[in-house]
Participant: 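Got a structure for you, written out below as structure tokens; questions coming shortly.
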Amino acid sequence: MINDRTKVKDILESDKTGYSVTVKGWVRTFRSNRFIALNDGSSQYNLQAVVDFEKYDPALLRRITTGAAISIHGEIVASRGAGQRVELQVQSLEVLGDCDPEKYPLQPKKHSLEFLREIAHLRFRTNTFGAVFRIRHALAFAIHQFFNKRGFVYLHSPVITASDAEGAGEMFRVTTLDLNDVPKTTDGQIDYKLDFFGRPTNLTVSGQLEAELGALALGDVYTFGPTFRAENSNTPRHLAEFWMIEPEMAFYDLEDNMNLAEQMLKYLITYLLKHNADDLDFLEKRLLDEEKQKPQQERSDMSLMEKLTFCCEQPFERITYTEAIDILLQSSALKKKKFQYPVAWGVDLQSEHERYLVEKHFKKPVIITGYPKEIKAFYMRQNTDDKTVAAMDILFPGIGEIIGGSQREERYEKLVQRMEEMHIPAKEMFWYLDTRRFGSCPHAGYGLGFERMMMFVTGMSNIRDVIPFPRTPKNAEF
RNA sequence: UCCUCCUUAGCUCAGUUGGUUAGAGCAUCUGACUGUUAAUCAGAGGGUCGUUGGUUCAAGUCCAACAGGGGGAGCCA
């Protein structure tokens, strides 16, 4: 048994002194041949271990280098220095894993996020990514806690699907066929009968349709799993593999749906403010440093904590698509020809329009409802005006659309009609349509991009820095 | 995929109108010092200037293509 260590976080959070501990972790810096800054991942902060170097073999001390894994036994005492309340007086020290300083790429200094992305296997060892991934864990946990408290059932939707009719984006093909010798039918087509599933299959682009099946029996369900889009998107907001939360609720209309989504976002932010204050504090300081490099005009007027607190305190602004278009048409930005894309009823809102509404006009999260049916998916419930659907998008400052959802079309005839109009093969979707044939009921749901939420709460500006191993076009190294 | 910018030491960057042996800070190594907080001081090592081709007496510097990365856009979460 070697799991006898005390975690740094527990030591630092207590004022207690005069007791013996064993700590294990990685050296961040070794100053003056006397002070080891030790980090074990449990906290943003390091434990300062004090070595009386006169009593130790210089050969051993030389092995205490940045990045080395060490185990220390000693006594927790009040610190004589100013930077910390308590410190560890070393009584015995063992190097568990050496770290050659000539070759180790991490130094006790600031590294660019781009450089750290190239060494994604080591970036966990930095302050920034330590904070990011502790927050990622906490956010995932809070999501489960939120739904569990409300009696939701966590439903595992399949990662491999045969459905290619959802129209949610380009898909990754899943096959065991020999790509160097693909079997063909007599008319020259790929013979999928010989493939593993006997038919074409893909990685899922959404668990929503499966979640609906669950909701119409279990009541309230949610999915939380990886999602795959094979789109050639090269932006700081897109990944080929990302995580999505998709709640689906029976007997909910659009307003119930919005209420739940707003409550959830506020719950998650409040949870992090309470449980990850140290990590958020670090990220806030990091952002402030970064802002200092920018010209005055581009600096944001709120700090990270202020922004998060602000979002929890304000009710989100709720407007219809039609109202949004009117605001844009009357905006000074339009009159000054600041928009690159035209504004008119019927067009989809562009990033620049969304950003204007959220960041300039309302200056808080905005929920937009009632989009034209032409620009939304087939499963959204048609409104009585015959022009719009019961859709809702929640827009956040800085990242745009964080949640997209709708009340679903529960009326069989209306749904089939819409599928025909949009060339969705109803025959292959018999399992989905069956829910509308047998005991259909009003229901609603939404999708939350987990990494988008991570970007908002951490203030990180590139989505590749909030997931451990980002998958993007031409990049799957780690 | 489109537009735009970038690529010089391990990292972050400077490098004049093309002109001798390409520089700095940090890191690393050696030595000094030792209650430090990205410790300090002195010295040393470290570069086929992203790749390929072109212009020129001469290219880190100018031109082209390609690769990788950043920012913006589209698609979306």
Side-chain angles (χ1 to χ4, degrees), chain A residues 28-37 45-54 61-62 65-67 77 79-84 87 89 99-119 122 126-127 166-170 205-208 226-246 289 293-294 298 339-341 348-355 375-377 393-396 399-405 446-456 461-467 472-475 477:
Chain A
R28 283 292 172 79
T29 61
F30 185 27
R31 287 185 297 268
S32 297
N33 209 22
R34 187 188 289 278
F35 303 101
I36 302 170
Y45 300 110
N46 302 324
L47 177 67
Q48 171 157 290
V50 183
V51 195
D52 291 329
F53 57 84
E54 305 86 349
L61 296 179
R62 263 199 294 277
T65 58
T66 299
V77 297
S79 179
R80 277 202 260 159
Q84 55 284 314
E87 62 192 18
Q89 186 62 48
C99 187
D100 185 347
E102 292 266 25
K103 292 174 184 151
Y104 189 56
L106 291 173
Q107 302 156 12
K109 61 166 270 191
K110 264 216 173 79
H111 291 288
S112 69
L113 295 173
E114 290 82 12
F115 170 68
L116 292 172
R117 220 173 283 151
E118 286 166 26
I119 51 165
L122 295 173
T126 63
N127 288 331
E166 293 163 37
E170 293 295 312
V205 293
S206 164
Q208 182 204 312
T227 308
F228 307 88
R229 304 271 167 93
E231 269 146 27
N232 193 10
S233 295
N234 294 293
T235 85
R237 299 181 306 282
H238 289 85
L239 291 166
E241 177 182 301
F242 63 100
W243 287 64
M244 193 150 62
I245 297 97
E246 294 177 295
D289 277 354
Q293 317 286 323
K294 291 187 193 166
E298 289 173 31
F339 292 139
Q340 197 187 334
Y341 289 86
D348 207 353
L349 296 177
Q350 302 293 324
S351 293
E352 59 181 3
H353 305 142
E354 295 180 348
R355 222 180 292 134
I375 59 173
K376 287 292 181 184
D393 283 359
I394 303 186
L395 311 179
F396 261 32
I399 41 176
E401 185 185 337
I402 194 166
I403 279 181
Y446 60 85
L448 167 73
F450 185 59
E451 283 78 16
R452 293 266 173 96
M453 184 68 184
M454 276 295 294
M455 290 173 75
F456 182 73
S461 54
N462 194 313
I463 201 166
R464 299 166 197 209
D465 297 329
V466 297
I467 188 167
T472 53
K474 305 273 186 289
N475 186 353
E477 188 171 9

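Note: hydrogens, waters and symmetry copies are ignored here, and every other heavy atom, side chains too, is used.
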Participant: Choosing from B:rA39, B:rU12, B:rU1, which nucleotide comes nearest the side chain of A:Arg31?
Facilitator: B:rA39

Participant: Pick base, sugar-phosphate or nothing for A:Pro101, based on heavy-atom distances below 4.0 Å to the nucleic acid.
Facilitator: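 If one applies the 4.0 Å heavy-atom cut-off, A:Pro101 turns out to touch the sugar-phosphate alone, with no base involved.
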
Participant: Nearest of B:rA39, B:rG10, B:rC76 to any side-chain atom of A:Thr29?
Facilitator: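 Ranking B:rA39, B:rG10, B:rC76 by closest atom to the A:Thr29 side chain puts B:rA39 first.
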
Participant: Mind checking A:His111 for me? I need base, sugar-phosphate or nothing, with any heavy atom below 4.0 Å counting as a touch.
Facilitator: sugar-phosphate

Participant: Between B:rC3 and B:rG45, how many Å separate the two C1' atoms, rounded to a whole number?
Facilitator: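 After rounding to an integer number of Å, I get 44 Å for this pair.
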
Participant: Is there a donor-acceptor contact under 3.5 Å linking the side chains of A:Arg31 and A:Thr29?
Facilitator: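 Yes - a donor-acceptor pair under 3.5 Å links their side chains.
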
Participant: Given B:rU12, B:rG72, B:rU34, which nucleotide is nearest the side-chain atoms of A:Ser32?
Facilitator: B:rU34

Participant: How far, in whole Å, is B:rA38 from B:rA27 if one measures between their P atoms?
Facilitator: 12 Å

Participant: Nearest to the side chain of A:Gln84, which nucleotide is it out of B:rU1, B:rU37, B:rA77?
Facilitator: B:rU37

Participant: If the P atom of B:rA77 is compared with that of B:rA67, how far apart are they to the nearest Å?
Facilitator: 30 Å

Participant: Does OP1 or OP2 of B:rU12 have a side-chain N or O of A:Ser112 closer than 4.0 Å?
Facilitator: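 For B:rU12, OP1 or OP2 has a side-chain N or O of A:Ser112 closer than 4.0 Å.
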
Participant: With C1' as the reference atom in both, quote the distance from B:rA9 to B:rG18 in angstrom, rounded to an integer.
Facilitator: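 Roughly 24 Å separates the two C1' atoms.
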
Participant: Searching all strands shown, indicate the nucleotide that pairs with B:rU12 (Watson-Crick or G-U wobble; both distances under 3.5 Å).
Facilitator: B:rA24

Participant: Are the aromatic rings of A:Phe339 and A:His353 close, with centres under 6.0 Å apart?
Facilitator: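 So the answer is yes for these two rings.
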
Participant: For A:Leu106 and A:Thr66, work out which heavy atoms get closest and say how close.
Facilitator: O-CG2, 3.9 Å

Participant: Please classify the nucleic acid contact of A:Arg62 as base, sugar-phosphate, or nothing, using heavy-atom distances under 4.0 Å.
Facilitator: nothing

Participant: For A:Thr66, which contact category applies under a 4.0 Å heavy-atom criterion: base, sugar-phosphate, or nothing?
Facilitator: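 A:Thr66: no heavy atom of the nucleic acid under 4.0 Å.
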
Participant: Could you pick out which residue, A:Gln340 or A:Leu239, lies toward the 5' side of RNA chain B when each is mapped onto its nearest nucleotide?
Facilitator: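 Final value for this comparison: A:Gln340.
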
Participant: Rounding to an integer number of angstrom, what distance separates B:rA58 and B:rG15 when you compare their P atoms?
Facilitator: 26 Å

Participant: Could you give the distance separating B:rU1 and B:rC41 at their P atoms, to the nearest angstrom?
Facilitator: 50 Å

Participant: Select base, sugar-phosphate, or nothing to describe what A:Phe450 touches, counting heavy atoms under 4.0 Å on all strands.
Facilitator: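 The residue A:Phe450 makes no contact with any strand.
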
Participant: Does any nucleotide pair with B:rA65 by Watson-Crick or G-U wobble geometry, both distances under 3.5 Å, and what is it?
Facilitator: B:rU51

Participant: Watson-Crick or G-U wobble partner for B:rA73, using a 3.5 Å limit on both distances?
Facilitator: B:rU1

Participant: In whole Å, what separates the C1' atom of B:rC49 from that of B:rU8?
Facilitator: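 These two C1' atoms come out 4 Å apart once rounded.
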
Participant: Determine the contact category for A:Glu246: base if any of its heavy atoms lies under 4.0 Å from a base atom, sugar-phosphate if only primed atoms, P, OP1 or OP2 are that close, otherwise nothing.
Facilitator: nothing

Participant: Would you mind classifying the nucleic acid contact of A:Asn234 as base, sugar-phosphate or nothing, using non-hydrogen atoms under 4.0 angstrom?
Facilitator: base

Participant: At 4.0 Å (heavy atoms only), tell me whether A:Glu451 reaches a base, stays on the sugar-phosphate, or touches nothing.
Facilitator: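 Here A:Glu451 touches no strand at all.
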
Participant: Output the single nucleotide from B:rA27, B:rG69, B:rC29 whose closest atom is nearest the side chain of A:Glu102.
Facilitator: B:rC29

Participant: Just to be sure I understand the rule, does A:Arg117 reach a base, reach only the sugar-phosphate, or reach nothing, if contact means heavy atoms closer than 4.0 Å?
Facilitator: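 A:Arg117: backbone/sugar contact only, no base atoms under 4.0 Å.
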
Participant: Ignoring the backbone of A:Asn475, work out which of B:rG69, B:rU12, B:rG74 is nearest its side chain.
Facilitator: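 Nearest to the side-chain atoms of A:Asn475, counting from C-beta on, is B:rG69.
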
Participant: With heavy atoms under 4.0 Å as the rule, sort A:Ala37 into base, sugar-phosphate or nothing.
Facilitator: nothing

Participant: Let me know the distance between CD of A:Gln107 and P of B:rC13, rounded to the nearest Å.
Facilitator: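 It works out to 13 Å between those atoms.
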
Participant: Select one nucleotide: of B:rU34, B:rG74, B:rA77, the one nearest the side-chain heavy atoms of A:Ser351.
Facilitator: B:rG74

Participant: Any base atoms under 4.0 Å from A:Phe115, or only sugar-phosphate, or nothing? Heavy atoms, all strands.
Facilitator: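 Sugar-phosphate only.
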
Participant: Under the criterion of centre distance below 5.5 Å and interplanar angle below 30°, is A:Phe242 classified as stacked on the base of B:rA77?
Facilitator: yes

Participant: Would you mind classifying the nucleic acid contact of A:Glu114 as base, sugar-phosphate or nothing, using non-hydrogen atoms under 4.0 angstrom?
Facilitator: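 Sugar-phosphate contact only - A:Glu114 comes under 4.0 Å of backbone atoms but never of a base.
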
Participant: When all nucleic acid strands are considered with a 4.0 Å heavy-atom cut-off, which category describes A:Ser233: base, sugar-phosphate, or nothing?
Facilitator: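 Base contact.
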
Participant: Between B:rU52 and B:rG70, how far apart are the two C1' atoms, rounded to whole Å?
Facilitator: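 It comes out at 24 Å once rounded to the nearest Å.
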
